[in-house]
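Shown next, in structure tokens, is the structure this report addresses.
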Amino acid sequence: MTARLIEIDGSRVHGIPSLYAELNRVFMPNEPWTLGESLDALDDLLYGGFGVLRGSEPVRVLWRDAEAARAALGVETTLAYLRRKLERPDVYAVAPARRALDELEAGRGETYFDLVVGVFRDHANIELVFA
């Protein structure tokens, strides 16, 4: 079976909100609702069943201008994201966020871009390609 091609435009990504705006544009064009700004929501989307993905069909995701998205979702964006989590211990698990923040501040942690790529790579039917 030939993989369907889906294209993400990295030049549209300037931070976390615009990342999800781009993902909604690409994956949810005919849905009456949108994907929230959540890695868990992205993971659910990639399982298929709503939006343009209808299951575990093979999909090739071409992420154009990925370097622009990588820069926009880099260390500074991720530090701010993790600090916001620490401000909401009623909603988020503080210990994992603190560890991730410490790792990133030490120059070893994953950026938000890395986390998003990891979510895509957890889906065997989806081939993620950078351009």
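Checked for salt-bridge contact, Arg83 and Glu105 meet the test: a charged N lies under 4.0 Å from a carboxylate O.
Within the 4.5 Å cutoff, no side-chain heavy atoms of Arg12 are placed close to those of Ser18. You'll find the side chain of Glu37 stays beyond 4.5 Å of the side chain of Leu19, heavy atoms only. Residues Arg60 and Ile6 form no side-chain contact, since every pair of their non-hydrogen atoms from C-beta on lies 4.5 Å or further apart. Contact of the Val61 side chain with the Phe120 side chain is registered, since non-hydrogen atoms from C-beta on lie closer than 4.5 Å. Contact check for Phe50 versus Phe27: no side-chain heavy atoms found under the 4.5 Å cut-off. Looking only at side-chain heavy atoms (C-beta outward), Val26 and Asn24 stay at 4.5 Å or farther from each other.
Residue Trp63 holds its CH2 atom at 9.0 Å from CZ of Arg70, rounded to the nearest 0.5 Å.
No donor-acceptor pair under 3.5 Å is formed between the side chain of Asp43 and the backbone N or O of Val119. Put simply, the side chain of Thr111 never gets that close to the backbone of Thr78: no donor and acceptor are under 3.5 Å apart. A donor-acceptor pair is defined here as one N or O able to donate and one able to accept, closer than 3.5 Å; no such pair exists between the side chain of Glu22 and the backbone of Val13. Between the side chain of Arg4 and the backbone N or O of Val52, at least one donor-acceptor pair lies under 3.5 Å.
Alongside Tyr47, the hydrophobic cluster contains no other residue (criterion: ILVMFWY side chains under 4.5 Å).
Around atom CG of Asp90, more than 12 heavy atoms belonging to other residues, nucleotides or ligands sit under 6.0 Å away.
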